[in-house]
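Residue numbering restarts at 1 for every chain, and letters A, B, ... go by the order of the sequence lines. The model shown is predicted, which means the values in this text are computed figures rather than measured ones.
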Amino acid sequence: MSKAGAIMVLGGGIAGVQTALDLADLGYYVYLVEKKPYIGGVMAQLDKTFPTNDCAI
Amino acid sequence: MYCPRPIADVYNERLDITRATHIDFPQAIPTSYYIDPKACLRVNYQTCNLCAQTCTAGAIDFSQKPKNLKLKVGSVILAPGFGRVSHDVLEKFGYGRYPDVVTSYEFERLTCASGPTEGHLIRPSDHTTPKKIAFLQCIGSRDVTCDNGYCSSVCCMYAIKEASVAKEHEPDLDISLFFMDVRTQGKGFDAARKRAEEKYGFNVIRARVPKIDQIDSQLALTWTTDDGQSHSDLFDMVVLSVGLDAPEDAHAIADIAGIELNSYDFCKTSHGAPLSTTKKGVYVAGAFQGPKDIPESVTQASGVAAIASELLKEGRGTQTVTITYPEEDKALEEEEPRIGVFVCHCGVNIAGVVDVKAVRDYAASLPNVAYYEDTLYSCSQDALKAIAEKVKENRLNRVVIAACSPRTHEPLFQETLRSIGLNPALFEMANIRDQCAWVHAQEPEEATQKSKDLVRMAVAKARLLEPLAQPTVDVTPKALVLGGGAAGMTVALSIADQGFETILVEKSKELGGNLRKLTWTVDGQDARKILKDLIKKVEKHPKIDIMLEAELESTSGYVGNFTSTVSKGGKTEMVNHGVLVIATGGEEHKPKGYCYGESRQVVTQLELEQKIAKGKSAFKTTKNVVMIQCVGSRGEDLQHCSRLCCTQAVKNALKIKELKPETNVYIFYRDMRTYGFAEDLYREARQKGVIFLRYTPDQKPEVVKQGRGIKVNAYDRLLGEDISIPANLVVLSTGIAPGENENLSKLLKVPLTQEGFFLEAHAKLRPVEVAVDGIYLCGLAHGPKGLEEAVSQAKAAAAKAAIPLVKGKVAVEPIVSHIDKATCIGCGICATLCPFNAIQMVKDGKRKKAETITASCKGCGICASHCPVLAINMGGFTDEEIFAQIHAFSPEGCGEELEAEKK
Amino acid sequence: MATKKSRKKANAEIVGFCCNYTVSVEPSVLKERGLVPENIEFKRLPCTGRLEVPAILDAFAEGAKAVFVAGCKIDECHNLSGSKRAAKRVQYARKILEELGLEPERLEMVFVPRGESEPIVEAARELKMRLSTMEGQS
Amino acid sequence: MIIAERKPMNEILGMLDGVKKLLVLGCRGCVAVCSAGGDKEVEIMASAIRLGKKLSNESIEIDASTYIRQCDPEYIEPLKEEGKKYDAVLSMACGVGVNFIADLCQGIKVLPGVNTTFYGANLSSGEWKEMCAGCGSCVLHLTGGLCPVARCAKRLSNGPCGGSQGGRCEIHPETPCVWHFIHERLQEQGEADRLKEIMPIRDWSTAGDAGPRRRVREDLLP
């Protein structure tokens, strides 16, 4: 049986999004599954990030 | 807009209201309206339908029903993140009863410019600005009473961040932070914490506040410090630094995916294989694997991509689709410049200070400006779409966006141009947020004037912008991995398992690195077995070429096409490779003082592990063991926190207690940084009678020789007295020192941090990449970390390194130097100055002329700025363009309209 | 032989006897922040059950114009019946005050949920108010 | 036990007019048990007097002490000297103590701090009831152990008066009629017939209607 070229990523937070991006770059089709109407997860709710106070969005 | 049903705005932590039909935040992806099915009147009561009637695009269709999709996938990756700590825990601290007790999430929204208060920090009770704020740590973490015995690993950092942001908003704020231990163990975090503490003057108090009391709408805290003193104070606002819990639906996910959970309902994994669940083909990344911060999550995310890619390499590329861009409209590009200027409000970030409309109208007066507009959030998806439409509609061929920093947002806008057939180089940004609204927040008029200046300069440059070519080059499908320790071997194995030749270069005569010195992992596995298995796999792998007692001598080339010389036994060997991974490790620091080296009874933690490996007999005469943390770390010989020593000390203390329970073990520490699940070990150690004593840097424990023995003199904060412990064994937690990285840093032109570790490209989002494309980083070479983290990071480096190998082609930066051969005098200054070896001198007739190796050029511009005959131009930054920009800045450049305005 | 020494004069106008489990905030902080009247003295007890009538009377003899006793809520007393006892003693002390011609309203027992300071602050203010009304009448 | 209760403060303060130095003296006998004149009550009394004096802008110096008993000469002995330091001694003992001090301690002004009420039993904490009148000629063996002298309002010796109704006393209807109880008790014991016997006329001389009573036991005399 030939191996599938698609992968499912559950969760569209920073980890899920990064996984999906890397997998797409590595030549796979990705299904990114997220409960919320937007991706980004908790990080999208953050104002700044430690320690550089870079904008989180 | 027309939805009549108000609901609590969950995105804003219920601090605001929204409608059942809403977009959570302007930059949300996707930016389409979402109808909350729980609140929608139509969905629940068959009434209303207002939105469907008013939507001019007819995009709302209530007849749609949920669908079940069947997807065939080769692997499932779980990244559901973390859950919230239960309300009951918060209620213990008056949350819900006292309105000014807020969670860290709420505080995050309250300080956010796009939040419900537009960034004005106010008390929810009376909307006044608080003067005194307290941050309470470990809410729902390190607390067995709520079944969360672990440390959430991120709260110390975010509390310091939130406190810093609050101080930026309100410089007169008085902020107290209540820590049990200050756990800023991440790379560079300790230094950042110290800077923040000094800059903002936080009161850092080491105590756990048991409860909150409210008097006259002020919040009263009472606490006891470790000298037994009781204190209390009143605050206007209290922020609960809420921990990270397992996701609410962890059990459902586990049941569906067929995986096991650990005792805290996080995904069960092991230190040797941190990204693998108990089921093959199902992998985990991010906070579901255990509480962790953004860089760790990003690292695991890339790492898990590598693992899936190893598993499914045969299926790679079979289901992908490629994006196609429309053909560039060359004719339009060559026309007389028709510039579009878009001025961004950035919510209130810019518009709160700068008069955006005035800037926009000013842009209209500038030559060649064919279109001008202001936008609320230029970076949001719908705004990008609108910009694209306006560009097309008005046949614009140059675009200027006055908004934020090109560093973060330029690629996004360039992508938009590309999508409508315009060359991305025909774009210019004016940073009126950072350079005007932020720094001149108190001088709105001047900020507006400066914004106009910046826009005028950007337009002047935009007039001269030229399209730039975007070349690609082929990639040599081979990787070079430096370092044969746990990280290096993991990287090599992963890249090889993904199907690419890998050369593993190790300078010692055997593989294994620091892992050879470990006996047990933190989760109790046999480290020697993990090592043996790893070595066996690497040695047997047909695609891995191991070079022992070998060292990198030189490297040239660029991503996809590196050529390196490796010396081995006096001979050198040339290797061509597409990517390179630095996994050269670090070493246990050897301290000065503490009688180390003078007495055989004083050892380091790794030396202790060797002793423990010998079993009980090694402790026959041992009664008292004293461990001292942070020896040489956090400000002595090494500035950084080594992250792993606290956990290692607790692990070893427990081993000693297991071998010989009657042994007294004392651990002197500054902050116990047993973050994550290692907190369980810390608790177990206390339960088993290990005695923990905190010391401060001004009262360090002293190791003194006494006759044939040794003793440790220290100040006991609890007793308030000096104590002296006769010790049979003193164990120093000495931390991790960087390896000899300077050489390699120069060789590869990869910068080091102040501490001497390799510097990643972006601390948060690109943790395993470095400033040089095609070179990746992992393990102790990046910074101190435990085995579990090193393995995750190695996998991440393997994923990143495999990307160019998989693609087979790499795009080269369009902003590169161009040398006009006719003008070049062949002096060679540029070639000697180039930090990336991207300029070579080639024979051209009789004379040598400089030539750019386009793929190596980083576009830094050093060559162009030094060329004595101005023969070098940078794409996108030509002399003409920059001169035009400068001239536009001068009073003559701004023309009479400015003069008139000033009057 | 237990003989009382003459006590030093304290000039607190209001004295509060507080069970250790009630007020969580250091009274000095409450005073510092002006949350309670200036002229107030807090006396912390391990439990109000330990409070005897003479201590209350002595507080008046030493110059207090009003006294309150703050114990845990009757059913939340750490020592089970401490608050109950205190309430009875307060009752008895009020009787003596009355016999001596003092308004019993100058003495009050308050029951406070565990660790809360606000009821105590309120009690202090309430007594302060009573005093000013009484003074207004006289 | 002898039951006593604190005198009202105005009465006490009235007695203390002009007293500058006072000893409040308790007794650890009966009055301590009935919480009228033990150590605790002495403390309260001392504090209350101090406060009372202060309210009338008078000064007083008070010491407090409690003796084991105030009805035995050996315990009172020290007061003979000690008491001279004071303008007055406020005894918190029963009337016996006050009298005994007055008898034994020449030149010391002794004042009563309590009202001595009766011989009683402790019904529950804070509640006492008279059970014995100390009449000196017990008939309890004839009345089922219940005393008609102490507990009958009319001190009748031969059955209830005509006013007793439904087992309640005619004079104090809230009080049960003791003769009713005596009858029930004797009936239980099968000795109801006893009530038919006419009791001899009581010798009331032992009840103390002829000056202070005195008893001597030869076997105990020195």
Nearest heavy atoms of A/A4 and B/K72, plus distance in Å: CB-NZ, 4.2 Å
Option that, when pairs with chain A are counted at under 4.5 Å, heavy atom only, ranks first among B/N12, B/T320, B/V10, B/L71: B/L71
Interface moiety of B/K292 toward chain A, non-hydrogen atoms closer than 4.5 Å: neither
B/V806 and A/D25: CA distance, side-chain angles, deciding distance, side chain to side chain contact (heavy atoms under 4.5 Å, CB included) verdict: CA-CA 8 Å; B/V806 165; A/D25 273 341; over 6 Å; no
Nearest atoms (heavy-atom pairs only) where B/A305 meets A/L26: O-CD1, 3.9 Å
Main-chain N/O of A/A44 paired to B/Y11 side chain as donor or acceptor, under 3.5 Å: yes
Toward chain A, the part of B/N349 with a non-hydrogen atom under 4.5 Å: neither
Interface moiety of B/Y105 toward chain A, non-hydrogen atoms closer than 4.5 Å: side chain
With B/I256 via side chain to side chain contact (heavy atoms under 4.5 Å, CB included) - residues at least two apart: none
A/Q18 side-chain N/O to B/V298 backbone N/O, donor-acceptor pair under 3.5 Å: no
May I have the list of side-chain donor-acceptor pairs in residues 73-82 of chain B shorter than 3.5 Å, sequence neighbours left out?
residue, atom, partner, partner atom, Å
B/S75, OG, B/G281, O, 2.9

Greatest number of heavy atom pairs closer than 4.5 Å to chain A - which of B/M157, B/E314, B/K807: B/M157
Top contributor to chain B interface from A/G40, A/A15, A/G12, A/G11 [non-hydrogen pairs under 4.5 Å]: A/A15
Among the listed options B/A285, B/S302, B/G317, B/A28, the residue most often paired with chain A at heavy-atom distances under 4.5 Å: B/S302
Crowding at OH, A/Y29 (>12 non-hydrogen neighbours, <6.0 Å): no
Straight-line distance of B/Q381 CD to A/Y38 OH, nearest 0.5 Å: 15.0 Å
Contacting moiety of B/V154, where chain A heavy atoms sit under 4.5 Å: neither
Candidate pair B/V304 and A/L23, rule side chain to side chain contact (heavy atoms under 4.5 Å, CB included), full reasoning: CA-CA 9 Å; B/V304 87; A/L23 283 171; over 6 Å; no
Nearest non-hydrogen partners of A/L46 and B/E108, listed with the distance: CA-CG, 3.5 Å
Distance (rounded to the nearest 0.5 Å) between B/L765 CG and A/M43 CE: 5.0 Å
Atom group of B/I253 that falls short of 4.5 Å from chain A, counting heavy atoms: side chain
NZ/NE/NH1/NH2 to OD/OE distance under 4.0 Å, B/D24 and A/K36: no
Minimum heavy-atom distance B/D249-A/K35, with the two atoms named: OD2-NZ, 3.1 Å
Stepwise side chain to side chain contact (heavy atoms under 4.5 Å, CB included) test for A/I14 and B/K764: CA-CA 11 Å; A/I14 182 65; B/K764 286 255 164 305; over 6 Å; no
Portion of B/Q498 that has a non-hydrogen atom of chain A nearer than 4.5 angstrom: side chain
Engaged part of B/R84 at the chain A interface, taking heavy atoms whose separation is under 4.5 Å: side chain
Heavy-atom proximity to chain B below 4.5 Å, by part of A/Y28: both
Segment of A/V33 engaging chain B (4.5 angstrom heavy-atom cut-off): neither
Residue selection (most heavy-atom pairs with chain A, distance under 4.5 Å) from B/I294, B/D293, B/T299, B/T318: B/I294
